Amino acid sequence: MIASLTVGYTPAGKRIVKHGSGKTKTEAKNKLKEIIRDYEDGLAVAPHDYTVADAVTYWLEHALATATKTRWSSTPGSHGCRSRDPALVPEP
């Protein structure tokens, strides 16, 4: 069984829906209550199939790339870039 509840809307107007599942209707409702409580408390709920490898891949593709681009595209000598020679600073 699957229980679901709309908890809000995104700025784009898309519904935010939380789902709970279990073998019985009662188990599904209890799981949904737990997920809603965590959501209201501000805890991030990751999907069950989200692995460390997925997190590292995301970080390498998004967070690290953005941080590196910002760091190396700054003025030489700032933000950890110690080179004073602009020819030694790689292009973004």
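Everything numeric in this text was worked out from a predicted model, so none of it was measured. Position 1 is the first residue of the sequence, and the numbers go up from there.
- When all heavy atoms of Lys31 and Gly20 are compared, the closest pair comes out as CG-CA, 4.1 Å.
- In plain terms, the two heavy atoms of Lys23 and Met1 that are nearest each other are O-CG, 4.2 Å.
- Applying the side chain to side chain donor-acceptor pair (under 3.5 Å) definition to pairs two or more places apart or across chains, those involving residues 6-17 are Thr6-Arg15.
- A donor-acceptor pair shorter than 3.5 Å cannot be found between the side chains of Asp54 and Thr57.
- Here OG of Ser21 is found 7.5 Å from CD1 of Ile35. Values are rounded to the nearest 0.5 Å.
- By the criterion of side-chain heavy atoms lying less than 4.5 angstrom apart, applied directly or through intervening Ile, Leu, Val, Met, Phe, Trp or Tyr residues, Ile36 is grouped together with Ile16 in one hydrophobic cluster.
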